[in-house]
Structure formats: C-alpha cells, structure tokens
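Not measured: the values here are computed from a predicted model. Each ligand, and each atom within it, is numbered from 1 in the order the structure gives.
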Amino acid sequence: MWLYLVALVGLYHLVRWHRERQVVSHLRDKYVFITGSGSGFGNLLARQLDMRGLRVLAACRTEKAAEQLRAQTSDRLETVTLDIAKTESITAATQWVKERVGDRGLWGLVNNAGISGPWGRNEWLTKQDFVTTLNVNLLGTIEVTLSLLPLVRKARGRVVNVSSIGGRLSVMGGGYCISKYGVEAFSDSLRRELAHFGVKVAVIEPGSFKTNMTNTERLFQHVQEVWDRARPEIKEVYGEKFLASYFTAISKNRLTTYKENLSEVTDCMEHALTACHPRTRYSAGWDAKLFYLPMSYMPTFLADAILTWGLPRPAKAL
Ligand SMILES: NC(=O)c1ccc[n+]([C@@H]2O[C@H](COP(=O)([O-])OP(=O)(O)OC[C@H]3O[C@@H](n4cnc5c(N)ncnc54)[C@H](OP(=O)(O)O)[C@@H]3O)[C@@H](O)[C@H]2O)c1
C-alpha cells in the first residue's frame, strides 16, 4: 500500500517536472514589459531576460535608473519612465509599448513595481498612509494591467504579478499586506477571465529578500516618521520603550532572514514567462516555502502566537 503511494507521488513529480521543463518557442521575438526595473527584482529580471535574448521593455521610475540599466544591457533592451501611481504616465507608457510591439502584441507584462509604504502599528497610521501604499501596489498594478491587457491578449501572453508572502499572511500593520492581498484577489479573477483568451496569469510570492525596499535604515525611517506624527495619546499607550524594541525586532527580521540571492525570485518570474506550462503561484525563498506558507494554513490562534512571539508589549497593555 505504502509502496503504491510513494510510486504515485514519484510519478506525479516526474510528470510535473517534465511539463515544467518545456519552453515556449521564438523567445527572441517576444516582448516583455517590466515595471519597477530601476532596482531589486525588476532590475535583475530585465538583465536576465535580456541575456536570454527576449525583447525587454523596462519601465523605471526615474530616467537616471533607466540610463544605468541601459548601460548594463544590450541594445535590444529599451527603457521608458513610468510612475504607476499616475494615470497620465501609464497612458504614455502604453502608447510607447504599442509603438514597439505592433501587431505581435505584448508577450509578457510583469507588475513588479511596489513600495513598502508608511508602516508601523495600524493605530499609528492615518487613512492617507494606507492610500499611499494602495495607490502604488494595488491600484497602480490594476491600472497598468487594464491599460496593457489588449496588447497581452493579442499575443496570448502572460501577466506576472508580484505579490508577497504578505499577501497570504498579514505579517504587519499598514497598507502593504492589504495591497498584496488585493494583488492576489485581482490575479485570481483575472486568471479565470483571461483563460478564455489563452492568456496565463501567474503570481510571485517572495519571502524576505535584501533590496532597497527592505533596507533597514529606510524601514526605521518610515516607522520613525509615522511615530513622530502619531497622536500623544497613542504615544502614551505604546511608550518610547516599545518603539525601541520594535526597531530591534525589524533589524533582526525576528522570524527569518533577508536573503541576498535575488535570482531565487527572478528565476520564478522567468519561468512564468518562458515555460509552456507556468505555475499559478510561485513561492520564492525557503522562508516563503517552509515557514510563511505553511503558517498561512495553520489554525489562526497558532499563527497569531508565532507571529507575536518575542514582540514587545505596549506600555499600557493589559
Ligand atoms: N524585497 C522583498 O523582500 C520583497 C518580498 C516580497 C515582495 N516584494 C515585492 O517585490 C517587488 C519589487 O520590490 P523589490 O524588493 O525589488 O524592491 P525595490 O528594489 O525597492 O524595487 C521596487 C521598484 O519599484 C519602483 N517603484 C516604486 N514606486 C513606483 C511607482 N509609483 N511607479 C513606478 N515604479 C515604482 C522603485 O523605483 P524607485 O526606487 O525609483 O522608487 C523600484 O525600482 C515589489 O512589488 C515588492 O512588494 C519584495
């Protein structure tokens, strides 16, 4: 009995491995548009796909970042400046893409741009803090997708949305996890709708990686700014000691570590764009696979206990 079971599991993995190895043809003719290519995952993916021969259309938030990327890549890679929080910028970038891809359409759209946004305890934040993050991570992603979808449909291509493990488990206060839960929900409905047109939608869920976004000093600065303008009553309830311990918790990334090998993430993105049978979801990093994702299936009381373990207690806690 056990032998049959092991053989069945082995067979399943063998078939899956074989299916996932098949690569789409004519990669050199395919256009891929990546948002947030100025740094981090987006930047590495742009260079990686350029090396592989795809036609990369890299969107950077600033011209300086675009210039730096062009200097490191082939002449085939082209750049455009794009702020995904601004409709007029998205409209201009869409026209720019249209002119390049012509009748071939856009094979790949990678919604990668994002911010950590103002964060801290929910109670320390204002509505505007949530709006700032949601505007980029969620509404920006949605608007870029809606704008470029006709071109993706034409190519029967792929949409790759960068979510986070924070889109499966709300690990901190503020708009970040909310925005990523939104990206997951958007991707789910989009996947079902676009299947009719031969378009595939994949979601990337990285764990913790070392990029500009997770730079500890930046994170400290965000929390400090939010704390500085918090109401006096809030400061009294939590206390300065709480803030100091909170900083320590962030800098240590209490539960896991920030990994340096960004290709663990970009390899998933590349697979989603180039494999004949891409996955629906990709967990990138051991912490995502072995820690956060399993925890998202645990009973809530258990997940809550793990996530709050070792965290400081507010001064006026019961
Ligand atoms: N690092 C992690 O541990 C981690 C984990 C899970 C998910 N993610 C997700 O991975 C994606 C990439 O992040 P990263 O870690 O590679 O961080 P990153 O290096 O900061 O990259 C984010 C990129 O998005 C750009 N961007 C920010 N706001 C934008 C806007 N309004 N319009 C257009 N571009 C904008 C940034 O440009 P500027 O630098 O010019 O602002 C930057 O190039 C994000 O969606 C993030 O949520 C990251």
*Asks:* For atom 13 (O) of ligand 1, what's the nearest protein heavy atom and its distance?
*Replies:* M213 CE, 3.8 Å
*Asks:* Answer side chain, backbone, both or neither: which part of I115 comes under 4.0 Å from ligand 1, heavy atoms only.
*Replies:* side chain
*Asks:* Can you tell me the protein heavy atom closest to atom 31 (N) of ligand 1 and the distance?
*Replies:*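 The answer is D83 OD1, 2.8 Å.
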*Asks:* Charged N to carboxylate O under 4.0 angstrom, E270 versus R52?
*Replies:* yes
*Asks:* Going by an N to O cut-off under 4.0 Å, is there a salt bridge joining D50 and R47?
*Replies:* no
*Asks:* Can you check whether F130 and W119 have ring centres sitting under 6.0 Å from each other?
*Replies:*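 Between W119 and F130, which both carry aromatic rings, the centre distance is not below 6.0 Å.
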*Asks:* Does CZ belonging to R76 count more than 12 external heavy atoms closer than 6.0 Å?
*Replies:*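 More than 12 within 6.0 Å, yes.
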*Asks:* Taking the six-membered ring for Trp, are Y238 and W124 closer than 6.0 Å centroid to centroid?
*Replies:* yes
*Asks:* Specify side chain, backbone, both or neither for T214, according to which of its non-hydrogen atoms lie closer than 4.0 Å to ligand 1.
*Replies:* side chain
*Asks:* Quick one: look up the protein heavy atom nearest atom 18 (P) of ligand 1 and list residue, atom name and how far away it is.
*Replies:* S39 OG, 3.5 Å
*Asks:* Should the pair D287-K259 be classified as a salt bridge under the 4.0 Å nitrogen-to-oxygen rule?
*Replies:* yes
*Asks:* Is the shortest N/O to N/O distance between T211 and ligand 1 below 3.5 Å?
*Replies:*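 Yes; the residue has a nitrogen or oxygen that sits under 3.5 Å from a nitrogen or oxygen of the ligand.
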*Asks:* Could you tell me whether ligand 1 has any atom less than 4.0 Å away from a heavy atom of G207?
*Replies:* yes
*Asks:* So, do R158 and V201 sit near enough that their side-chain heavy atoms are less than 4.5 Å apart?
*Replies:* no
*Asks:* Can we say R231 and E233 salt-bridge, meaning some charged N sits less than 4.0 Å from an Asp/Glu carboxylate O?
*Replies:* yes
*Asks:* Mark the output for G166 as yes if a heavy-atom distance to ligand 1 is under 4.0 Å, and as no if none is.
*Replies:*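 Judged by the 4.0 Å heavy-atom criterion, G166 does not count as contacting ligand 1.
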*Asks:* Which is it for S208 and ligand 1 at heavy atoms under 4.0 Å: side chain, backbone, both or neither?
*Replies:* backbone
*Asks:* Just let me know how K180 lines up against ligand 1, side chain, backbone, both or neither, with a heavy-atom cut-off below 4.0 Å.
*Replies:*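 Side chain only.
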*Asks:* Name the closest protein heavy atom to atom 33 (C) of ligand 1, giving the residue it belongs to and the distance to 0.1 Å.
*Replies:*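 Going atom by atom, the protein heavy atom closest to atom 33 (C) of ligand 1 ends up being L82 O, 3.2 Å.
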*Asks:* For the pair D188 and R281, find out whether any cationic side-chain nitrogen is under 4.0 Å from an anionic carboxylate oxygen.
*Replies:*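 Yes, charged N to carboxylate O under 4.0 Å.
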*Asks:* Check which hydrophobic residues are tied to L44 through side-chain heavy-atom contacts below 4.5 Å, counting indirect links as well, and list them.
*Replies:* V23, V24, L27, V32, I34, F41, L45, L49, L54, V56, L69, L77, W107, V110, V160, V162, I204, F209, L262, V265, M269, L273, Y282
*Asks:* Do me a favour and list the nearest non-hydrogen protein atom to atom 29 (C) of ligand 1 with residue, atom name and distance?
*Replies:*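 Protein heavy atom with the smallest distance to atom 29 (C) of ligand 1: R61 CD, 3.5 Å.
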*Asks:* Would you say ligand 1 has an N or O under 3.5 Å from any N or O of R218?
*Replies:* no
*Asks:* Mark yes or no: R21 above the aromatic ring of W17, with NZ or CZ under 6.0 Å from the six-membered ring centre and no more than 45 degrees from the axis.
*Replies:*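 Geometry flag: set, cation within 6.0 Å and 45°.
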*Asks:* Can you pull out the closest protein heavy atom to atom 32 (N) of ligand 1? Residue, atom name and distance to 0.1 Å, please.
*Replies:*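 The answer is I84 N, 2.8 Å.
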*Asks:* How far is atom 48 (C) of ligand 1 from its nearest protein heavy atom, and which residue and atom is that?
*Replies:*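 For atom 48 (C) of ligand 1, the nearest protein heavy atom comes out as F41 CE1, 3.4 Å.
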*Asks:* For residues S164 and K180, report the shortest heavy-atom separation together with the two atoms involved.
*Replies:* CB-CG, 3.9 Å
*Asks:* Less than 4.0 Å between a side-chain N and a carboxylate O, is that true for D103 and K98?
*Replies:*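 Judged by the 4.0 Å cut-off on N to carboxylate O distance, K98 and D103 do not form a salt bridge.
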*Asks:* Give yes if a backbone or side-chain nitrogen or oxygen of T62 is under 3.5 Å from a nitrogen or oxygen of ligand 1, and no if not.
*Replies:* no
*Asks:* Quick one: which of T141, T145, N137 gives a side-chain hydrogen bond (donor to acceptor under 3.5 Å, both in side chains) with N111?
*Replies:*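 Testing each of T141, T145, N137 against N111, the sole residue satisfying side-chain hydrogen bond (donor to acceptor under 3.5 Å, both in side chains) is T145.
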*Asks:* Only counting residues at least two apart or in another chain, list the ones meeting side-chain hydrogen bond (donor to acceptor under 3.5 Å, both in side chains) with Y176.
*Replies:*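 With neighbours one apart ignored, the set is empty.
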*Asks:* Tell me whether Y176 reaches ligand 1 (any heavy atom closer than 4.0 angstrom to a ligand atom).
*Replies:* yes
*Asks:* Students should be able to answer this: which protein heavy-atom is nearest to atom 22 (C) of ligand 1, and at what distance?
*Replies:* G114 O, 3.6 Å
*Asks:* Just heavy atoms, cut-off under 4.0 Å: does N112 contact ligand 1 by side chain, backbone, both, or neither?
*Replies:*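 For N112, backbone and side-chain atoms both sit under 4.0 Å from ligand 1.
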*Asks:* Check whether any N or O atom of P206, backbone or side chain, sits under 3.5 Å from an N or O atom of ligand 1, and answer yes or no.
*Replies:* no
*Asks:* Heavy-atom contact under 4.0 Å between A65 and ligand 1?
*Replies:*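 Distance cut 4.0 Å: A65 fails for ligand 1.
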*Asks:* Just heavy atoms, cut-off under 4.0 Å: does C60 contact ligand 1 by side chain, backbone, both, or neither?
*Replies:*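 Looking at C60 and ligand 1, no heavy atom falls under 4.0 Å.
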*Asks:* Side chain, backbone, both or neither: which part of N212 has a heavy atom under 4.0 Å from ligand 1?
*Replies:*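 For N212, backbone and side-chain atoms both sit under 4.0 Å from ligand 1.
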*Asks:* Check this for me - ligand 1, F209, N or O atoms closer than 3.5 angstrom, yes or no?
*Replies:*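 The answer is yes, given that F209 and ligand 1 share an N or O pair closer than 3.5 Å.
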*Asks:* Any idea which of A113, G38, G167 brings a heavy atom closest to atom 35 (C) of ligand 1?
*Replies:* A113
